[in-house]
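All values below were derived from every heavy atom in this structure, side-chain atoms included, with hydrogens, water molecules and symmetry-related copies excluded. Since the structure is predicted, the reported quantities are computational estimates derived from the model, not experimental observations. In listed order, ligands and their atoms are each counted from 1.
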Amino acid sequence: MRVKTFEAASMQEALDIVKKEMGEEAFILSTRTRRRPAALGLGEETVIEVTAAVDEAAQAPVAREQAVGAPPLTYGLRPPLETPAPKPAARPAREASRPQGAPPPPPVDLQPLRRELLEIKGAVAALKDNDSRNASILEELDHLKSMLNRLQRQGMPPAQLQLPPSLLDLYGDLAANDVEPMIALRLCEYAQRALTEQDGDTASGNVDPERARLFLRRVIADFIPVAPPIQLDPGKMRVAALVGPTGVGKTTTLAKLAAYAQLKLKQKVALLTLDTYRLAAVDQLQQYAQILQVPMHVALTVEDLRSAFRFYQDRALVLIDTPGHSPKDTEVLGQLRNLLDELPEVETHLVLSATTKPRDLSEIAARYEPLRPTRLLFTKLDETSTYGPILSTLVRVKRPLSYLGTGQEVPEALELATSRRVADLILPGVKEVQ
Ligand SMILES: Nc1nc2c(ncn2[C@@H]2O[C@H](COP(=O)(O)OP(=O)(O)OP(=O)(O)O)[C@@H](O)[C@H]2O)c(=O)[nH]1
Ligand SMILES: [Mg+2]
């Protein structure tokens, strides 16, 4: 028995080689498909590996007989002469019934059977090969199907389906991070256009997933406007007010800013509050003022504020706390607006919580618009895992981000907002080499 393994690009080619090298008597022992590096190291290619065997004892007489010019024997048929005559005792039952002296049955021609077997084996192997290809196609289809299901659940309009797979995937990530569908779509379309133009290949629109993610993250970062930290210049008093709905963390953030300026930057700070509606609110600020050993004043009118500014002229930073109230409470909002309108020197930060529902965020931002906030400040980033609403709010409000509140701790849980940090939150998973 001779056993040999052959490699070919297709099953048909492999069977042809087996036939040529080992003759038609050969039979297939095993087949397998494997990947190997392609020529010049350009990717990989699939090869079919076929192990075939041939019974040399069966081949030899064929070769011998053919060599002496005898008529060609049918392949696979042992010459009847070599078959020892069965001893009567060992005769099989069927033969036993043959009458004595009757001629032996003609030798059975196994050739067509063998050929058929070979063909069936080849077909089975080819089928197996197809199966593995089909399996990978099915796997791919499954992936696409689950991706489409995910996008459909997120209410994807059909326009998104025009995106190539890598950007469709990124669209899904943005949508899962609660970025508004329209904003996510625009970002992905922009990235697709820019990337395909970069490649000079506007036809295919195909984009490498890693490259697309990195590029899209940069697009988002470029889009996010950020403000410099509150500028503290010696001899110049800066005034910043924190406004926003109730409970978002205005007073806590104010304490963080005051502590940072006072303790880290060694600047003189004063605190003012317009929040006289609740005693507890005044108390809260009073406690921070005591801990930080900074003066604190309660103001009721614009005049109160002006005289406080004059009094604190030597302070580098004056921070104003404001009452939190329902954004629907237009009366209180109107009073606050009147106050701040008179004081153009005040830098107004609209404080919003990252945990607020996206739709409420845009409503709140719209209601605070008359106060003309110059900055947006997001708190409670530590309490959510979806940051898309920050982006949607920035798109609507078009004000730079100042700070990010990341916890309750004063003063450490406060960061200066950077475009990169926010882009990382909105589209994580980019490994950028510095
Ligand atoms: N997890 C977390 N909690 C915060 C953050 N900022 C503030 N808080 C908490 O939010 C709660 C409300 O904070 P306040 O500073 O009193 O909020 P406010 O906006 O001044 O509230 P009102 O004065 O009632 O309008 C407190 O328990 C704070 O500790 C933050 O960034 N992360
Ligand atoms: Mg407060």
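Counting the atoms of ligand 1 from 1 in the order shown, those under 4.0 Å from a heavy atom of G324 are 25 (O). Annotation for ligand 1: atoms under 4.0 Å from non-hydrogen atoms of G405 are 31 (O). With ligand atoms numbered from 1 in the order given, ligand 1 contributes 12 (C), 17 (O), 18 (P), 19 (O), 21 (O), 22 (P), 24 (O), 25 (O) to contacts under 4.0 Å with heavy atoms of G247. Below 4.0 Å from some heavy atom of E383 lie the following atoms of ligand 1, by number and element: 1 (N), 2 (C), 3 (N).
Residue side and main chain included, T252 places no N/O/S atom under 2.8 Å of the Mg ion (ligand 2).
Contact annotation: for L381 versus ligand 1, there are no heavy atoms closer than 4.0 Å. Both the backbone and the side chain of K380 come within 4.0 Å of ligand 1, counting heavy atoms alone. Using a 4.0 Å cut-off between heavy atoms, D382 contacts ligand 1 through its side chain alone, with no backbone atom that close.
Salt bridge status for E210 with R213: absent, with no side-chain N to carboxylate O gap under 4.0 Å.
If you check the side chains of Y403 and H349, you find no donor sitting under 3.5 Å from an acceptor.
Put simply, the side chain of Y368 gets close to the backbone of G244: a donor and an acceptor are under 3.5 Å apart. Between the side chain of R399 and the backbone N or O of P373 there is at least one donor-acceptor pair closer than 3.5 Å. Listed for the D304 side chain is a donor-acceptor partner under 3.5 Å among the backbone atoms of T301. K398 places a side-chain N or O within 3.5 Å of a backbone atom of V395 that can act as its donor or acceptor partner. Side chain of Q231 to backbone of P229: a donor-acceptor contact under 3.5 angstrom is found.
Evaluated by nearest non-hydrogen atom to atom 5 (C) of ligand 1, the leading choice among A413, G249, G407 is G407.
Below 3.5 Å of separation, one finds no N or O of T322 facing any N or O of ligand 1. At least one N or O atom of Q408 sits closer than 3.5 Å to an N or O atom of ligand 1. Checked by distance only, ligand 1 and T252 come closer than 3.5 Å through their nitrogen or oxygen atoms.
Ring geometry for Y190 versus F215: interplanar angle under 30°, hence parallel rather than tilted (30 to 60°).
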